[in-house]
Amino acid sequence: MASIKPSVPKGTRDFSPAEMAKRNYIFDTIKSVFRKYGYQQIETPAMENLSTLTGKYGEEGDKLIFKILNSGDYLLKVDQQLLLSLNVQRVTAGISEKALRYDLTVPFARYVVMHQNEIAFPFKRFQVQPVWRADRPQKGRYREFYQCDADVVGSESLLNEAEFVMIYDEALGKMGLKDFTIKINNRKILSGIAELIDKSDNITDLTVAIDKIDKIGLDGVSKELLERGFSEDDIEKIKPVILLQGTNEAKLASLRATLAGSVIGIKGCDEIETVLNYIAGNPLRTAKLELDITLARGLNYYTGAIFEVKTNEVQMGSIGGGGRYDDLTGMFGLKGLTGVGISFGADRIYDVLEELDLFPQTASQGTKVLICCFDADGEKFALPLLKQLRDSDIPSELYPAGAKIKKQLDYANARQVPFTIMIGSDEMQSGLLTLKDMVSGGQEKLPADEIVKKLKA
RNA sequence: GUAGGCAUAGCUCAGUUGGUUAGAGCACCAGAUUGUGGUUCUGGGGGUCGUGGGUUCGAGCCCCAUUGCUUACCCCA
């Protein structure tokens, strides 16, 4: 059989032991903070019904969903005319009814609706699982990556928003990030701005354009708005809002003045202020909290708060995001249930921590001692000792007999095992075993009990 | 979807205007060392130069195509 050159699909990666240790450090840190704030973990299947996912992420998003082909002779079940039509969308619906999850929020909404009778609201859940996107990979962008989501459904309180800011602050600070910004905005403010220029029905174009202010500047945004049917007059009206400067309080005051004529706009200001007040009572440790009204994000289901987290220490896209959606479960038939949530992008956080060299030297959580013996007799002699070590919760291994000592010690070094125990004829005769410190190179002869005691310390 | 860059040993990469048998470091295996590694020395295995075509007396190098990877745009974690 011809051998195939081994490879993994574009944008996916293997994780070796050293990487897993670091990844688990990130996951464990985030999970511990989630738990501390009262969130409970759930998991949902890697695949969902395609119909559950389509239409939730906009036109672009739908294209990025990985579809799973039906099983069996699925082509026979499809109308031949349809196949010949070459209409991708309709043919897809005929040959695929499952897809890999694209994010954790939509599956969660489905979960809430399906389990509504067993859930105690407000329901605070967290979820740490991979998601898949058929995107073009590039720096910090993968086709399989983990999201760490925390959401609350069934609570309108803005305390939730404030707690999410605290969770970001605490979790990212715990991982050693020193300089990062939590940007916050409110969809109602954006609605107010649209109202101001009587373009409420075109809020998507407006938000998409002003979201780019950092990248393409005011001129670029103006140009894009003109192309999308906004007038010079409109742009003049909203210009002061887009170009807001100063402290969060100053921005808020200015917004209130500009949006005075918009009920919804003022509501957005009120909400932001409430969140800021909650935070003021519990000052953040590390994060900067910045009201940024250019923050719009693509997701069109946000209705209140919008979050995005960026590190200022390295060049990297956002490492977290989230917001409030008043009616996410509505599309699954459960109306009027509000939700707010955030997400950590674990893979990007990994890249950031790696670049900043912030991973702790997790004192080799691996094997602590390797027993090396010179022959089969030594191996037999070592077995009770191995059991004794493991009964004392000392991670230990016995190198199978037959290999040269050099090879066994090489193995210990490669695995970064800090201690070895040598067992040869001398040791078996005297009962004094040779314990070797692989870092210092020193060794001493001790009875088994002493060794266990010493390694346990 | 749009545009650029790269492809040579398991890994990271050299390879001169196109010229004889394609190199280095790391890793691996063996020996120096019959009971001692992480430093040293010696030797060894490893290659369809991504694939296919073309130009040429001659191609790792030039041209065309193709595949894969990668970076940026769009969008996103």
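The six-membered or imidazole ring of F344(A) lies near that of Y168(A), with a centre-to-centre distance under 6.0 Å.
The same atom, C1', is picked in G4(B) and in C29(B); the two are 43 Å apart, to the nearest Å. Annotation: U17(B) and C13(B) have their C1' atoms spaced 23 Å apart (nearest Å).
Judged by atom type and distance alone, N413(A) reaches the base of G37(B) through a side-chain donor-acceptor pair under 3.5 Å. With hydrogens and angles ignored, no donor-acceptor pair closer than 3.5 Å exists between the side chain of R133(A) and the base of C75(B). Judged by atom type and distance alone, Q443(A) does not reach the base of G37(B) through any side-chain donor-acceptor pair under 3.5 Å. For a distance-only test at 3.5 Å, the side chain of K406(A) fails to qualify as a donor-acceptor partner of the base of U36(B). The base of U71(B) lies outside donor-acceptor range of the side chain of R136(A), with no N or O pair under 3.5 Å.
When the options Y350(A), Y146(A), F126(A) are evaluated for a ring-ring contact (aromatic ring centres under 6.0 Å, His included) with F27(A), the one that passes is Y146(A).
Figure legend. U56(B) is base-paired to no nucleotide; pairs are counted as Watson-Crick or G-U wobble with both atom distances under 3.5 Å.
The stacking criteria are not both satisfied for F344(A) over the base of A77(B), which would need a centre-to-centre distance under 5.5 angstrom and an angle between ring planes under 30 degrees.
Under the 6.0 Å distance and 45° angle rule, R133(A) does not count as a cation-pi partner of F145(A). Cation-pi contact between R125(A) and F108(A): present, with separation from the ring centre below 6.0 Å and deviation from the ring axis of at most 45°.
Nucleic acid contact for K436(A): base, since at least one base atom lies under 4.0 Å from a heavy atom of the residue. Across all strands, G61(A) comes closer than 4.0 Å to no nucleic acid atom at all (heavy-atom distances).
You'll find that the side chain of R141(A) is closest to C76(B), out of C76(B), G35(B), G31(B).
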